[in-house]
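Not measured: the values here are computed from a predicted model. Every chain is numbered from 1 and lettered A, B, ... according to where its sequence line falls, protein lines coming before strand lines.
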Amino acid sequence: VSPLFGYMGKLLRVDLTARTLRDEPLDEETARAFIGGSGYGTRIIHDEVPGDTDPLSPANKLVFMTGPTTATSLPTTARYEICTKSPLTNMWLDTSSSGWWARDFKMAGYDGLIVEGAADSPVYLWINDGKVEIRDASAFWGLDSDETQEAIIAELGDPKIKVACIGPAGEKLVPLACVMNDEQRAAGRGGAGAVMGSKNLKAVAVRGTMKVPVADEAKLREISKELRGRLGGHPVISQFTPYGTAFLMEHGWVSGDVPNRNWGKGVWQHGCEELNGRVMAETILKPHAGCQGCFIRCARWIKIEEGPFAMEGPGPEYETLAAFGTMLMNDDLASVCWANDLCNRYGVDTISTGSAIAFAMEAYEKGIISKEEAGCELTWGNADAIVEMVHQIGNARGLGALLGRGVKRAAEELGRGTEDYAVHVKGMEVPYHDPRAFFSQATSYATGPRGACHMHGASFVMEQGAPRPDTGIPPEVDRFDNEGKGILAMLAQDKYSVTGSMVICVMLSDGMIFADQAAVLEAVTGELWTAERIAQTGERITNLQRVFSMKCGITGADDKLPKRLLEGPDEGTHAGKVPDMAVLLPDYYRERGWDENGRPTQAKLEELGLTEIAGEF
Amino acid sequence: VQVTVGFLGGLRDQVGRPSLVVELPAEATYRDLLDCIAPAMQSSLAAWAWDREKQSFSRQMMVSRNLSADLRDETTLLADGDEILVLLPLAGG
């Protein structure tokens, strides 16, 4: 077996209960089968975390993983994945962030970090070119995520240090809490921040200067150059630079992609015209650096000169504009920016937070929640009320303490019909691409490895014509067909399983086909990679995530869309359209080689090389 | 028959304006509209947006008539005041 390039060759295992540190060699067999990132993390979580583990107990583990492309010359690769059992969904979770942190972490000598146990007082980790310390974080407990990073960098005395941390929401174990790093980059979904808080781990500070070994650097640079050229002129990817992901808002109201009023209104043209990337670019956008090594630079930096929401800092991307804009019928761009900043400082997921507030606004409108309970007039479009609810959720107080547990639990507690408009899958609030506009997305959401997710299963992008020449799928499909969508959902999920394992940005991978991913991995690792091996590796990772979630108690009966998304929109090009899950789901299971209950078969697991798991499962 | 053709997203930048107002004869079809705007589209839109062979918006474009349905059938009769919206639905974020 030839040496494996692209890895630092070791993982750091930290037991916070015993306060011990241990270097472990990277398992090359696992790296060959699962690549790295969320794939390698899947193997760790599956093998080490029993399905019945309480996600907020010391028995849960929190795994930070880079991939073989991290800290190489390939663009968009300063990313990391966090894998754990989610306190929001009580099953598999991978969540990813960009910025700069991952590059320094890997260059400090590690491919990954496994955190287990729980400290008896607040601590942070300091990883400096192979040297690791567990340090007291008592002085930083209570600081927001921006303040935490500044304070730790000041304490350690090197401005080049990068910090991933939790804000107050993670400390208070809010299940919507994220892990934040650099300029408000977030590993946002599913509550990894609460898991970190449960371990009394405030932050992981890193500084690294080591070089990542690459098998064929000249080839990798050639591939990178070709990708820059090809994708820089891509009709969609080229829009991310001037307008960010929010360019979608400018036209998404026509296709029906953008949800409004807690998914209850088909079209809100005015809102989309006030909140889109072009408007931001023409009014509040300021020049600023993107993520490390990225030529796309979708990240926004904004300055609002005056008014109650005057601020300067990172600006909202598409999902956040939908979360605090169209979902809440709020057309005030400045207040959306303010809510975004608050969420990032508290360290809560903007998608789920916006969805929880939308749910509460509908409950308020229907008289289920009173003004006294809300602490404000929780009416549609009320920017002050939106800001108040973000404070409540971030501080786990008042109504926000309930909403911060997610809409599924909030509806279970409130009852009185609120379940009908609690929009989630398996407890994960649905991100803002309407599956009634692109039916494959209904399958992707219903079966998503971490619940409803537009990252780990962006089949709507494939359905809209993203490149897929090496998949055998015809280039054109009718967005409202129910037949034949299972393969799209499966490929989108498996492609992300690879993307999250390499670990690269979806903005890049959306423009890549399997053969592109294979070429990159071959240049980096020195292994023979083909499009077929990429597809099978993605399938292997997704299946193992499914197995883990089933061990956590998930069944095929949980593969469903919420009631609200099975009601046809009232207007728009998708008016009256409803995905037929009775057709979509069996088609997907067939494509997956799963049984009629959504369970991976023994034959499928053995085909994917998961033989010992097949026997035990 | 007066029809407005709106261009959204990156198409607006390519065409150089948000919309065109087009005068067509009575009982004009979508094909008639395409023929009328073809010279302007051919000179301004990229190949991924305008199919030069078919003299039509390319298959990956979404064309909506009055925000009610996707417009594909070129024999569709247009009516006075129709608003045709053209966009590339492909997006992420």
J.: Please classify the contact between A/Val267 and chain B as side chain, backbone, both or neither, with a heavy-atom cut-off of under 4.5 Å.
T.: side chain

J.: For each of A/Met249, A/Gln239, A/Glu250, tally heavy-atom pairs with chain B at distances under 4.5 Å, and name the one with the top tally.
T.: A/Glu250

J.: Below 4.5 Å from any heavy atom of chain A, which atoms of B/Leu87 appear? Answer side chain, backbone, both or neither.
T.: side chain

J.: Which residues in residues 7-21 of chain B have any heavy atom closer than 4.5 Å to a heavy atom of chain A?
T.: B/Leu8, B/Gly9, B/Gly10, B/Arg12, B/Asp13

J.: Just wondering, are more than 12 heavy atoms of other shown residues or ligands nearer than 6.0 Å to CD in A/Glu483?
T.: no

J.: Given heavy-atom pairs under 4.5 angstrom as the criterion, report whether the side chain, backbone, both or neither of A/Tyr432 touches chain B.
T.: neither

J.: Over all heavy atoms of both residues, which pair between B/Pro89 and A/His251 is shortest? Give the atoms and the distance, please.
T.: O-CE1, 4.0 Å

J.: If you check every heavy atom in residues 31-47 of chain B against those of chain A, which residues fall under 4.5 Å?
T.: none

J.: Quick check on side-chain contact (heavy atoms from CB on, under 4.5 Å): which of B/Leu71, B/Leu85, B/Asn66, B/Asp70 does A/Thr573 satisfy it with?
T.: B/Asp70

